[in-house]
Visitor: 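Dumping the structure here so I can ask a few things about it.
Residue numbers begin at 1 in each chain, while the letters A, B, ... track the order of the sequences.
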Amino acid sequence: MQLLSRDFYQNTNPFFVGEQLIGKIIETSFDQKVCTARIVELEIYKAPEDRGSHAYQNKLTDRTKIIFEKGGLAYVYLCYGIHHMFNVVSGPEGVAHAILIRAVEPLQGIHTMKSRRGIEKEVQLTNGPGKLCQALGIKTSFDGETLFERRSKIRLLDDGFKYIPDDLYKGPRVGIAYAKEDANLPYRYYLKQNSFVSRPLIVKY
DNA sequence: GCGACGATTCGCT
DNA sequence: GCGAATCGTCGCG
């Protein structure tokens with residue numbers, strides 16, 4: 001298990017970073033509880049031209065300032081007043097790319113995740129951006145945490161897992177109708193065969 | 001200061 | 001399939 005390096009996140013191409021993040025491991029540790037889970041679905045938000053991005057046209061506010069930092073930080077915000085959303089900040093300083101983690105596959109700490117979620121069914125634990133934050137204990141207080149340090153409450157790790165490139169689905173992002181034509185861009189990635197993906201494509205016959 | 005709204009989830013019909 | 005929950009952020013003036 002190896003920490004992803006600080007340099008990895010600063011790559012200027014957010015699509016490359018997104019492809020690399022699929023299959024990597026998120027580990028949270030605090031309150032003497034450790035949870036790990038594999039990333040199986042994410043969405044790219046590409047500054048400054050992406051209307052879906054909070055940093056569209058490089059809009060700089062108290063909330064978005066963290067996205068402009070050097071890659072390798074967590075961007076966590078509250079959605080609908082209830083759900084936390086976890087993003088990986090990428091790109092060099094001043095370039096506001098963010099990658100929303102939409103689904104993960106639980107590996108360790110499943111008992112803790114069940115207790116945080118208040119449910120027993122494993123497939124429901126982390127198959128959505130709000131759900132996985134609840135399961136892993138990710139809150140807005142994680143905003144700005146570094147992802148490349150052992151001492152962080154949240155880290156990203158590589159265990160050598162490799163997916164088959166043909167298994168990677170690329171399609172439109174979810175829930176961003178306000179982004180108009182940008183909503184159709186293929187910025188959502190997920191592993192086709194994985195049962196923890198949120199809202200997988202329904203195949204019609 | 002205030003009103004509108006959201007990168008969602010859950011429960012009920 | 002639909003609507004409510006629930007609150008921080010943003011834009012307006």
Side-chain angles (χ1 to χ4, degrees), chain A residues 9 14-15 17-19 21-22 26 37 39-69 71 73-91 95-106 113-145 147 154 169-191 195-202 204:
Chain A
Y9 299 99
F15 306 108
V17 176
E19 288 187 11
L21 284 179
I22 292 279
I26 303 176
I39 298 172
V40 299
E41 176 181 356
L42 51 78
E43 285 175 358
I44 319 283
Y45 290 85
K46 186 181 184 303
E49 71 274 18
D50 177 1
R51 301 172 95 93
S53 171
H54 290 163
Y56 175 52
Q57 293 180 332
N58 282 334
K59 186 170 73 172
L60 181 62
T61 66
D62 266 351
R63 182 174 67 154
T64 64
K65 62 182 184 227
I66 203 74
I67 321 175
F68 290 85
E69 300 275 321
L73 305 185
Y75 167 49
V76 182
Y77 70 95
L78 192 62
C79 187
Y80 292 96
I82 308 169
H83 306 292
H84 297 273
M85 300 284 129
F86 168 56
N87 293 251
V88 174
V89 173
S90 87
V95 178
H97 302 320
I99 299 178
L100 169 72
I101 307 302
R102 285 194 56 89
V104 298
E105 175 175 343
M113 297 191 208
K114 287 179 177 176
S115 135
R116 286 181 181 143
R117 291 272 298 124
I119 59 171
E120 282 300 312
K121 229 173 163 305
E122 206 164 309
V123 76
Q124 312 258 42
L125 288 178
T126 55
N127 62 340
K131 298 178 191 179
L132 73 91
C133 283
Q134 188 180 26
L136 295 174
I138 299 170
K139 311 175 275 295
T140 48
S141 60
F142 283 46
D143 194 43
E145 278 280 306
L147 300 172
I154 181 165
Y169 165 90
K170 296 185 181 181
R173 292 171 290 182
V174 175
I176 53 160
Y178 61 83
K180 304 190 176 167
E181 61 272 20
D182 287 352
N184 297 319
L185 296 170
Y187 289 0
R188 178 186 182 211
Y189 298 176
Y190 66 73
L191 291 177
S195 51
F196 291 87
V197 167
S198 74
R199 307 197 222 176
L201 263 195
I202 316 286
K204 291 176 187 164

Visitor: Please write out the pairs of protein N or O atoms and N or O atoms of nucleotides 4-8 of chain C separated by less than 3.5 Å, giving the distance to one decimal.
Guide:
| unit_1 | atom_1 | unit_2 | atom_2 | d |
| --- | --- | --- | --- | --- |
| dT6(C) | O2 | Tyr80(A) | O | 2.2 |

Visitor: Kindly state which residues belonging to residues 52-66 of chain A come within less than 4.0 angstrom of DNA chain B, counting heavy atoms of the residue only, listed by number.
Guide: Gly52(A), His54(A)

Visitor: Please report the distance separating the C1' of dG3(C) from the corresponding atom of dC5(B), rounded so that it comes out in whole Å.
Guide: 16 Å

Visitor: Can you name the residues that form a ring pair (Phe, Tyr, Trp, His ring centres under 6.0 Å) with Tyr187(A), not counting sequence neighbours?
Guide: Phe15(A)

Visitor: Would you sketch DNA chain B in dot-bracket for me? Only Watson-Crick or G-U wobble pairs with both distances under 3.5 Å count, crossing pairs as [ ], other-strand pairs as |, the rest as dots.
Guide: ||||||.|||||.

Visitor: Can you run down the side chain to side chain donor-acceptor pair (under 3.5 Å) pairs that involve residues 171-184 of chain A, sequence neighbours left out, and say none if there aren't any?
Guide: Asp50(A)-Arg173(A)

Visitor: Excluding sequence neighbours, so at least two apart, what forms salt bridge (charged side-chain N to carboxylate O under 4.0 Å, His left out) with Glu105(A)?
Guide: none

Visitor: Using atom types as modelled, flag every donor-acceptor pair under 3.5 Å from a side chain in residues 135-145 of chain A to any protein atom, sequence neighbours excluded.
Guide:
| unit_1 | atom_1 | unit_2 | atom_2 | d |
| --- | --- | --- | --- | --- |
| Lys139(A) | NZ | Gly137(A) | O | 3.0 |
| Asp143(A) | OD1 | Val76(A) | N | 2.9 |
| Glu145(A) | OE1 | Lys153(A) | N | 3.1 |

Visitor: Under a criterion of less than 4.0 angstrom to any heavy atom of chain A, what are the 5'-terminal and 3'-terminal contacting nucleotides of DNA chain B?
Guide: dG6(B) to dC10(B)

Visitor: Pairs in or reaching into residues 113-122 of chain A: which pass side chain to side chain donor-acceptor pair (under 3.5 Å), with residues at least two apart or in two chains?
Guide: Arg117(A)-Gln134(A)

Visitor: Who pairs with Ser198(A) by side-chain contact (heavy atoms from CB on, under 4.5 Å), at least two apart in sequence or on another chain?
Guide: Glu41(A), Arg102(A), Arg188(A)

Visitor: Partners of Asn87(A) by side-chain contact (heavy atoms from CB on, under 4.5 Å), sequence neighbours excluded?
Guide: Tyr75(A), Tyr77(A), Met85(A), Ala98(A), Leu100(A)

Visitor: Sequence neighbours left out, what passes salt bridge (charged side-chain N to carboxylate O under 4.0 Å, His left out) with Lys65(A)? Give chain and number order.
Guide: Asp62(A)

